[in-house]
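For reference, the structure is listed below as structure tokens.
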Amino acid sequence: MSNQFPEYRGNMEYYCLGCDSRHGIDELLYTCPRCGSVLLLEDKNFDSLKNKSGREWRELFDNRAACKRDALRGIFRFYELMAPVLEEEDIIYLGDGNTPVVKAAPALQDAVGLPFAIKNDGQNPSASFKDRGMACAFSYLQALVRKHGWDEVLTICASTGDTSAAAALYASYLGGPVKSVVLLPQGKVTPQQLGQPLGSGATVIELPGLFDDCMKVVENLAQNYRVALLNSKNAWRILGQESYAFEAAQWRDWNMEDLCLFVPVGNAGNITAVMSGFLKLHELGIITSLPRLFGVQSAHADPLFQYYQVKHEKDYHPVKARASVAQAAMIGNPVSFPRVRRLAERYRALAGAQAFQVVQVREQDIIESMLLANRHGHVVCTQGGECLAGLREALRLKIVDRHEYALLDSTAHALKFAGFQQLYFDDGFGPEYEITPRREFRNEPVSLLSNPEKEALPEAEYVSRAALAVADRLGLKRR
Ligand code: F0G
């Protein structure tokens, strides 16, 4: 049974968060054709899923964890809750999802003062959580290509580096009529992130300015030309990213008591998806309470923090993003803000005002939290560091309690952001970052012997000289 492809099919439609209009899914829509607002997707048959009890769903998803069908091995383990209009042949599986949750090292938990774990979403195929959304968006695209027999589809996205890596990866796997173009803010993605779409064979276009500028260019292109937009404005991406919430709930054996999650916020697609995912689980009785959710933003790019915590939901203004080591989240005008506002309202109505909050952290704390975590055996990126900084800030503000258990989202792999670690070690940050490296977190390689010294020695002698130099440096005792 759990090894079968599901029989259930949904009846999905876009709904507009601006004017509440509804639209069919046969066409790729990014914004409402009537009022221009952002869209979300809804399954009109969703209520029929309530014919199964929460317990039956839990058992089904637990059993499906052992499923051998490729289409159900990744994020589509939760098929019925995500995009149940796709056929098995449409689903692309590149090893997305099922990312490990790693308990924080005991010494790290002691240092922070609260038990917590880290979900390593950097262990997705392109080394960030973006693959969750792309697996869904490209599967839907494949279904459309199959249905309409399109002979060319140009996929396009703006990116701070990870969306583009994921989009280029999935597009190159699909191949055929599907081609990938990515627009990047020049000098504002890391060399590793730049190398990813290049390696996948995508067309990489760099433009001056920040992500927010690139996003406007891509929106203009999507409005005026025949391109498939793959930013999280594309609501299929949000559906795929809901799998993070489903996996987090399953990891806790579906018990949300005392759980709080920390999620870094940039374009706000991720926090939208996480909220939406938990709301679905709750509606079906798969979980009986909602976990608390904390969005985390750097003081250098904090429009959500300003709206929720400073203005108390009085008025929303985009901010001008400033230099940030959490560069992937360095966004002043998040596209998904209207989605967050709508879902946070529902979330708070069900679980209380404390159930959704946004905390603001300093750049210095972001990078040092990353270094601290990674010195304890973790592999968090700067955005993961931002989550840990957020947890520490929430503890300082006493808005989390020591009996709670935190789950931090390390949204990408540490290696993508190794350059920021190096800047810290080299004391190389410009003043705009407001980061002053401290000795205790710095590290550098120790060079012993020079090349000419090596060349002047016979091999056997070199080995003993080098061993002696190492032993001297380490103060080793002879046996
Ligand atoms: N963490 C990482 C590693 C990211 O790449 C992003 C966003 C975020 C956090 C923030 O998530 O936008 O859903 O609120 N990166 C996008 C990109 C914008 O283009 O790769 P969000």
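This chain uses plain numbering: 1 for the first residue, then up along the sequence. Quick note: numbers below take in every heavy atom, side chains included, and nothing from hydrogens, waters or symmetry partners. All ligand and atom numbering here is 1-based and tracks the order in the structure.
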Looking at [atom], what's its closest protein heavy atom, distance included?
{"atom": "atom 4 (C) of ligand 1", "result": "Ala328 CB, 3.3 Å"}
{"atom": "atom 10 (C) of ligand 1", "result": "Gly266 N, 3.6 Å"}
{"atom": "atom 1 (N) of ligand 1", "result": "Thr411 OG1, 2.6 Å"}

Should [X] and [Y] count as side-chain neighbours, where that means a heavy-atom distance under 4.5 Å?
{"X": "Leu407", "Y": "Tyr244", "result": "yes"}
{"X": "Arg132", "Y": "Asp96", "result": "no"}
{"X": "Arg442", "Y": "Asp427", "result": "yes"}

For the ring pair Tyr308 and Phe356, is the centre-to-centre distance below 6.0 Å?
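Tyr308 vs Phe356: aromatic centres under 6.0 Å.
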Could you tell me whether some N/O pair between Thr163 and ligand 1 is separated by less than 3.5 angstrom?
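The answer is yes, given that Thr163 and ligand 1 share an N or O pair closer than 3.5 Å.
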Show me which atoms of ligand 1 lie under 4.0 Å from any heavy atom of [X].
{"X": "Ser159", "value": "17 (C), 19 (O), 20 (O)"}
{"X": "Gly269", "value": "13 (O), 14 (O), 21 (P)"}
{"X": "Ala412", "value": "3 (C)"}
{"X": "Val265", "value": "14 (O)"}
{"X": "Asp162", "value": "2 (C), 3 (C), 4 (C), 5 (O), 20 (O)"}
{"X": "Thr160", "value": "15 (N), 16 (C), 17 (C), 18 (C), 19 (O), 20 (O)"}

Could you check which of Val340, Asn267, Asn270 puts a non-hydrogen atom nearest to atom 12 (O) of ligand 1?
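Answer by nearest heavy atom: Asn267.
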Kindly identify the option in Phe211, Phe417, Phe129 whose heavy atom sits closest to atom 11 (O) of ligand 1.
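Among Phe211, Phe417, Phe129, the closest heavy atom to atom 11 (O) of ligand 1 comes from Phe129.
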Should Glu283 and Lys280 count as an ion pair when the cut-off is N to O under 4.0 Å?
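No, this pair does not count.
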Do the side chains of Glu42 and Arg22 get close enough for a salt bridge, i.e. N-O under 4.0 angstrom?
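Counted as a salt bridge, because a side-chain N and a carboxylate O are separated by less than 4.0 Å.
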Heavy atom under 4.0 Å from ligand 1: found in Ala268's side chain, backbone, both, or neither?
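It is the backbone that gets close, since no side chain atom is under 4.0 Å.
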Is ligand 1 under 4.0 Å from a heavy atom in the side chain of Lys130, in the backbone, in both, or in neither?
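For Lys130, the contact with ligand 1 is made by the side chain alone.
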Just jot down the side chain to side chain donor-acceptor pair (under 3.5 Å) partners of Tyr424, sequence neighbours excluded, or say none.
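For Tyr424, the residues satisfying side chain to side chain donor-acceptor pair (under 3.5 Å) (neighbours in sequence not counted) are Glu368.
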Students often mix this up, so state it plainly: with edges at 30° and 60°, are the rings of Phe420 and Phe417 parallel, tilted or perpendicular?
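The rings of Phe420 and Phe417 lie parallel, inter-plane angle below 30°.
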Just say parallel, tilted or perpendicular for the rings of Tyr140 and Trp236, cut-offs at 30° and 60°.
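Rings of Tyr140 and Trp236: parallel, under 30°.
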Which of these, Thr411, Asp409, Asp121, sits in a side-chain hydrogen bond (donor to acceptor under 3.5 Å, both in side chains) with Asn270?
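With Asn270 as partner, side-chain hydrogen bond (donor to acceptor under 3.5 Å, both in side chains) holds for just one option, Asp409.
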Ligand 1 contact by Ile331, heavy-atom criterion under 4.0 angstrom
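Yes, Ile331 has heavy atoms under 4.0 Å from ligand 1.
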